[in-house]
Amino acid sequence: MAFTRRGFMMGCSTAIASMAGARFGSFAFADPLGSFNDETLVVVFLRGGMDGLNLVPPIGGADRGHYETARADLAVPISGASAALPLGTSPFGLHPSASALHDLYTNGSLAIVQAVGMDVNNRSHFDSMDFIERGTPGDKTTSTGWLTRHLSSASNLPSEIIMPALSVGNLQTTSLLGERDAVNMEDPGSFNFNSGYGQWRDAQRVAMRNLYGGTTWLHQAGLSALDAMDIIELNAPDNYTPANGASYPSGSFGDHMQVVAQMIKLNLGLRVATVDLGGWDTHNGQGNDGGGYFAGIVETLSQGLNALYTDLDGNGAQNYTSRLTTVVQSEFGRRLRQNEDDGTDHGHANMMLVMGGSVNGGLHGTWPGLSNDQLYDNADLAVTTDYRQVLSEILIRRMGNNQLGTIFPGYQDYAPINVVQGPDLTPVYGAEIFGDNFEGGDMSRWSAITGAATR
């Protein structure tokens, strides 16, 4: 007997009054045959331009001298109580406040990709974030986000998923722009009908479903939100207890990372989730000698990532980390040289973090150097790895989606750098690859997804 998510959930919704607090079993939404890709990709965006040179500073070699000269006050020390945490035998370390990340790096669950960015000369926060999240550097007119195009082009996902995409926070991120089935949630406890009691709330549910009874995209999006609300209200308690002794940091970032873990454990088909952590625009008072403001926000980031991994790192069916990849990026890095206000200004290349159970831990990418003749524009760390190369490897090896021409239009130069494990698929570039196979041959749908003209 065939049934769809929407039909099933509408039946559930109208019967809620008689369920008397019953809970759906997560097995109801599992894939017993294992025929679909069940990876979850979590994208954490550090808004404001995170200073990668102080998160992963050079601690040896000639570049240590260039770094100390350029940052007489801000440089992370290599000795004492605030010394950088060594990354093996490499000439790099982690900020002393990132000890929770250092633990992940040591056990091989964290990869650091250095000198990542875009080949676009831009120092605007908003432009750079738009370029990255739309997946089209230099072009802000693309009408959808790169995660939206991934979900739309993936051929290895079920046709019906309760919650394919989650954007945690007050606003849906641009990387999910145009994704009609994305759920936007601040916390599970408030994601419900909270007006009145008993039969009144049930009447609200029925009325809302009647309002969204049409067939347009708006009606479908409304029903998706109602479906998710019903499931989450029944299954996501306010008194959630993290597993394995995981401890999320206080504040919104810790809360949001916990929401991601909670939704993954509900087994509702979550494939992509986005979380933001702002506050990285450190033009002044960044913090001297490895301390201060920057140290505090690094600690929050470090503890939040570690808690997510620990919470999901179970055994057997609870081993969520084996199918979890978390990628962390920012719109750009900071200038090598500190400014007169004990801060750093907008720069160019940065670093990316990739965390998960199938990550090849360690340092990746090509380090360009910090001598003046090696700097971009005589001021910044140069880009040696396109950020789309890192994301493309995750998409291909972990998500099983090789449709790079759809996800990153115009990007042609993908080659793996072995950040994650998984099978290599031949990248497919260009709109013409879909032909009659794309959404049943509906090329107007291709145009809507990519913002490109119909061919």
Side-chain angles (χ1 to χ4, degrees), residues 42-61 63-64 66-67 70-71 74-76 84-88 90-98 100-102 104-105 109-120 128-129 132 137 277 280-282 286 290 294-295 297-302 304-306 325-336 344 346-356 359-370 374-376 379-394 417-420:
V42 179
V43 179
V44 177
F45 207 105
L46 308 180
R47 301 195 184 272
M50 188 272 298
D51 184 9
L53 287 173
N54 264 23
L55 181 60
V56 187
I59 60 175
D63 283 330
R64 177 66 194 184
H66 298 313
Y67 171 76
R71 299 186 170 201
L74 302 184
V76 177
L85 306 171
L87 296 176
S90 78
F92 295 93
L94 269 176
H95 192 283
S97 293
L101 280 182
H102 192 260
L104 293 172
Y105 185 92
S109 304
L110 180 71
I112 300 172
V113 189
Q114 297 179 294
V116 180
M118 303 178 288
D119 190 19
V120 175
S128 295
M129 285 188 285
I132 288 174
L277 177 58
W280 299 94
D281 198 16
T282 51
Q286 182 169 323
F294 186 79
I297 195 169
V298 165
E299 184 175 29
T300 296
L301 171 66
S302 176
L305 291 171
N306 185 288
T325 303
T326 301
V327 61
V328 183
Q329 65 181 141
S330 192
E331 64 265 34
F332 45 61
R334 315 296 294 188
R335 293 284 179 92
L336 170 61
T344 49
H346 298 178
H348 192 48
N350 208 328
M351 41 69 63
M352 291 174 69
L353 303 175
V354 184
M355 178 186 76
V359 164
N360 293 319
L363 290 171
H364 298 263
T366 301
W367 178 253
L370 296 181
Q374 294 171 321
L375 296 176
Y376 173 82
D380 303 316
L381 185 69
V383 172
T384 59
T385 299
D386 191 309
Y387 82 97
R388 293 170 295 182
Q389 185 175 3
V390 180
L391 298 180
S392 293
E393 183 176 325
I394 295 170
I417 58 175
N418 296 315
V419 174
V420 295

Legend entry - Validation row: L301, W280 side chains within 4.5 angstrom (heavy atoms): yes
Inset, instruction - Hey, could you give me the OG1/CG distance between T282 and N54, rounded to the nearest 0.5 Å? - result: 8.5 Å
Legend entry - Nearest atoms (heavy-atom pairs only) where T385 meets Q114: OG1-O, 4.3 Å
Legend entry - Pairwise distance CE(M355) to CG(L305) - rounded to 0.5 angstrom: 5.0 Å
Inset, instruction - Step by step, work out the side chain to side chain contact (heavy atoms under 4.5 Å, CB included) result for E393 and V354. - result: CA-CA 11 Å; E393 183 176 325; V354 184; over 6 Å; no
Inset, instruction - Identify the two heavy atoms, one from R334 and one from G48, that lie closest to each other, and give their separation to 0.1 Å. - result: NH1-O, 3.0 Å
Inset, instruction - Could you tell me which non-hydrogen atom of I132 sits nearest to which non-hydrogen atom of Y387, and how far apart they are? - result: O-OH, 3.1 Å
Inset, instruction - For the pair H102 (side chain) and P86 (backbone), establish whether a donor and an acceptor sit closer than 3.5 Å, ignoring hydrogens and angles. - result: yes
Legend entry - Derivation and outcome, side chain to side chain contact (heavy atoms under 4.5 Å, CB included), residues I394 and V419: CA-CA 8 Å; I394 295 170; V419 174; 5.7 Å; no
Legend entry - Heavy-atom donor-acceptor pair, N350 side chain to M50 backbone, under 3.5 Å: yes
Inset, instruction - Looking only at non-hydrogen atoms, find the nearest pair between Q374 and A382 and report the distance. - result: O-CB, 3.9 Å
Legend entry - Note, L353 side chain near L110 side chain (heavy atom, < 4.5 Å): yes
Legend entry - Q389 side-chain N/O to I417 backbone N/O, donor-acceptor pair under 3.5 Å: no
Inset, instruction - State the NE2-CD1 distance between H95 and I297, to the nearest 0.5 angstrom. - result: 11.5 Å
Legend entry - Closest approach of V76 to P96 (non-hydrogen atoms, all atoms of both residues): CG1-CD, 3.6 Å
Inset, instruction - Taking the side chain as every heavy atom from C-beta outward, state whether R71 and P57 have any atom pair closer than 4.5 Å. - result: no
Inset, instruction - May I ask you to decide if P58's main-chain N or O and R64's side chain share a donor-acceptor pair within less than 3.5 Å? - result: yes
Legend entry - Side-chain donor/acceptor of S302 to backbone N/O of V298, under 3.5 Å: no
Legend entry - N-O pairing of D51 and R335 below 4.0 Å: no
Legend entry - Side-chain donor/acceptor of T325 to backbone N/O of G356, under 3.5 Å: no
Legend entry - Nearest-0.5 Å distance, OG of residue S109 to CG of residue L101: 11.5 Å
Inset, instruction - Show your working on side chain to side chain contact (heavy atoms under 4.5 Å, CB included) between L375 and D380 and close with a plain yes or no. - result: CA-CA 5 Å; L375 296 176; D380 303 316; 5.9 Å; no
Legend entry - Atom pair OH/CG of Y67 and L53 - distance to nearest 0.5 Å: 7.0 Å
Legend entry - Nearest atoms (heavy-atom pairs only) where A98 meets L94: O-CD1, 4.1 Å
Legend entry - Min side-chain heavy-atom separation N306-L104 under 4.5 Å: yes
Inset, instruction - Nearest 0.5 Å please: distance from the OH atom of Y376 over to the OG1 atom of T384. - result: 14.0 Å
Legend entry - side chain to side chain contact (heavy atoms under 4.5 Å, CB included) between V383 and F332, intermediate numbers included: CA-CA 10 Å; V383 172; F332 45 61; over 6 Å; no
